[in-house]
Amino acid sequence: EVQLQASGGGLVQTGGSLRLSCAASGFTFDDYATGWFRQAPGKEREAVSGIDSSIGATYYTDSVKGRFTVSSDAAKNTVYLQMNNLNPDDTATYYCATGFLAAWKNYSPKIYDNFYWGQGTQVTVSS
């Protein structure tokens, strides 16, 4: 059974930092990309960042480039998202997911089922 355990959310002020962690189990870690989506109230879920550890490829949505860094520790089957210079637009529930990296780039609700999903962790950035 695929399990994705997310942690690390919280409340920070604008300009602050948080690090999210996603501990994965139940599948071969290098067979898929693992990373993060987010969903703010009233908005669709969007792909934030993912990493395919087998080839070192990453994906970032434009709004987080230069501020967020995704990384992985294959020995721990864990993916991290270091989030710096946070702003209120980053406020959302962040979901860990695993799937093919190309699906991050082309995500739409129609391909929701192409991913395994973990529970969300709330990130709130105050102004």
Side-chain angles (χ1 to χ4, degrees):
E1 179 187 4
V2 173
Q3 291 190 339
L4 300 166
Q5 184 69 39
S7 61
L11 171 64
V12 295
Q13 292 184 333
T14 295
S17 298
L18 285 172
R19 188 175 82 155
L20 305 183
S21 298
C22 175
S25 62
F27 64 99
T28 302
F29 190 69
D30 285 348
D31 281 353
Y32 301 97
T34 299
W36 303 91
F37 289 72
R38 66 186 179 187
Q39 189 165 16
K43 294 187 177 181
E44 287 191 350
R45 190 167 298 196
E46 68 166 336
V48 176
S49 181
I51 183 167
D52 185 332
S53 301
S54 67
I55 58 174
T58 58
Y59 167 80
Y60 295 97
T61 192
D62 285 346
S63 63
V64 308
K65 287 179 180 177
R67 300 188 298 123
F68 291 12
T69 303
V70 66
S71 62
S72 66
D73 184 337
K76 296 182 179 180
N77 281 9
T78 300
V79 171
Y80 304 97
L81 186 66
Q82 178 66 43
M83 305 186 295
N84 297 329
N85 195 21
L86 286 159
N87 62 65
D89 288 339
D90 297 314
T91 294
T93 300
Y94 283 69
Y95 295 91
C96 180
T98 192
F100 292 109
L101 191 62
W104 260 267
K105 302 174 184 177
N106 300 296
Y107 181 75
S108 78
K110 294 180 180 179
I111 62 171
Y112 176 90
D113 288 338
N114 286 13
F115 293 87
Y116 289 99
W117 298 94
Q119 90 289 3
T121 185
Q122 180 66 35
V123 172
T124 303
V125 185
S126 63
S127 58

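Keep in mind that the numbers below use all heavy atoms, side chains included, and drop hydrogens, waters and symmetry copies.
Contact between Ser53 and Asp30 at its shortest, heavy atoms only, is CB-OD1, 3.6 Å. Residues Thr121 and Gly8 share a closest heavy-atom pair of OG1-N, 4.2 Å.
If you look at Tyr32 and Phe100, their ring centroids are closer than 6.0 Å.
With hydrophobic clusters built from ILVMFWY side chains whose heavy atoms lie under 4.5 angstrom apart, Ile51 shares a cluster with Met83. Hydrophobic clustering keeps Tyr95 apart from Val2 (ILVMFWY residues linked when any side-chain heavy atoms are closer than 4.5 Å, directly or through intermediates). Two different hydrophobic clusters hold Leu11 and Tyr94 under the rule that ILVMFWY side chains link at heavy-atom gaps under 4.5 Å. Each of Phe37 and Val123 belongs to its own hydrophobic cluster when Ile, Leu, Val, Met, Phe, Trp and Tyr are linked at side-chain heavy-atom distances under 4.5 angstrom. Taking hydrophobic clusters as Ile, Leu, Val, Met, Phe, Trp and Tyr residues chained together by side-chain heavy-atom distances below 4.5 Å, Val48 shares a cluster with Tyr60.
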Going through the distances and angles, do Ser49 and Leu81 end up as a side chain to side chain contact (heavy atoms under 4.5 Å, CB included)?
CA-CA 8 Å; Ser49 181; Leu81 186 66; 3.9 Å; yes
Side chain to side chain contact (heavy atoms under 4.5 Å, CB included) between Tyr80 and Thr69, worked out
CA-CA 8 Å; Tyr80 304 97; Thr69 303; over 6 Å; no
Could you walk me through whether Cys96 and Trp36 pass the side chain to side chain contact (heavy atoms under 4.5 Å, CB included) check?
CA-CA 5 Å; Cys96 180; Trp36 303 91; 3.9 Å; yes
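Around atom CD of Gln122, more than 12 heavy atoms belonging to other residues, nucleotides or ligands sit under 6.0 Å away.
Without hydrogens or angle criteria, Thr91 side chain to Val125 main chain gives a donor-acceptor distance under 3.5 Å. Counting only distance, with no hydrogens or angles, the side chain of Gln119 and the backbone of Ala6 share a donor-acceptor pair below 3.5 Å. Of the possible donor and acceptor atoms, none in the side chain of Thr58 sits under 3.5 Å from a partner among the backbone N and O of Gly50.
Shown here are the salt bridge (Lys or Arg N to Asp or Glu O under 4.0 Å) partners of Asp90, two or more places apart in sequence or in another chain: Arg38, Arg67.
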Return a table of donor-acceptor pairs under 3.5 angstrom between the side chains of residues 14-26 and protein atoms on other chains or two or more places apart.
| from | atom 1 | to | atom 2 | distance (Å) |
| --- | --- | --- | --- | --- |
| Thr14 | OG1 | Ser126 | O | 2.8 |
| Ser17 | OG | Asn84 | OD1 | 2.9 |

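A distance of 12.5 Å separates CD of Gln3 from CG of Asn77, quoted to the nearest 0.5 Å. To the nearest 0.5 Å, the span separating CZ on Arg45 from CH2 on Trp117 amounts to 5.0 Å. Taking OG1 of Thr61 as the reference point, atom CZ of Phe68 lies at 10.0 Å (rounded to 0.5 Å).
Within the 4.5 Å cutoff, the side chain of Ser71 has no heavy atoms near those of the Gln82 side chain. By the 4.5 Å heavy-atom criterion applied to side chains, Thr34 and Phe27 are counted as neighbours.
Pairs of residues two or more places apart, or lying in two chains, never qualify as side-chain hydrogen bond (donor to acceptor under 3.5 Å, both in side chains) while including a residue from residues 101-116.
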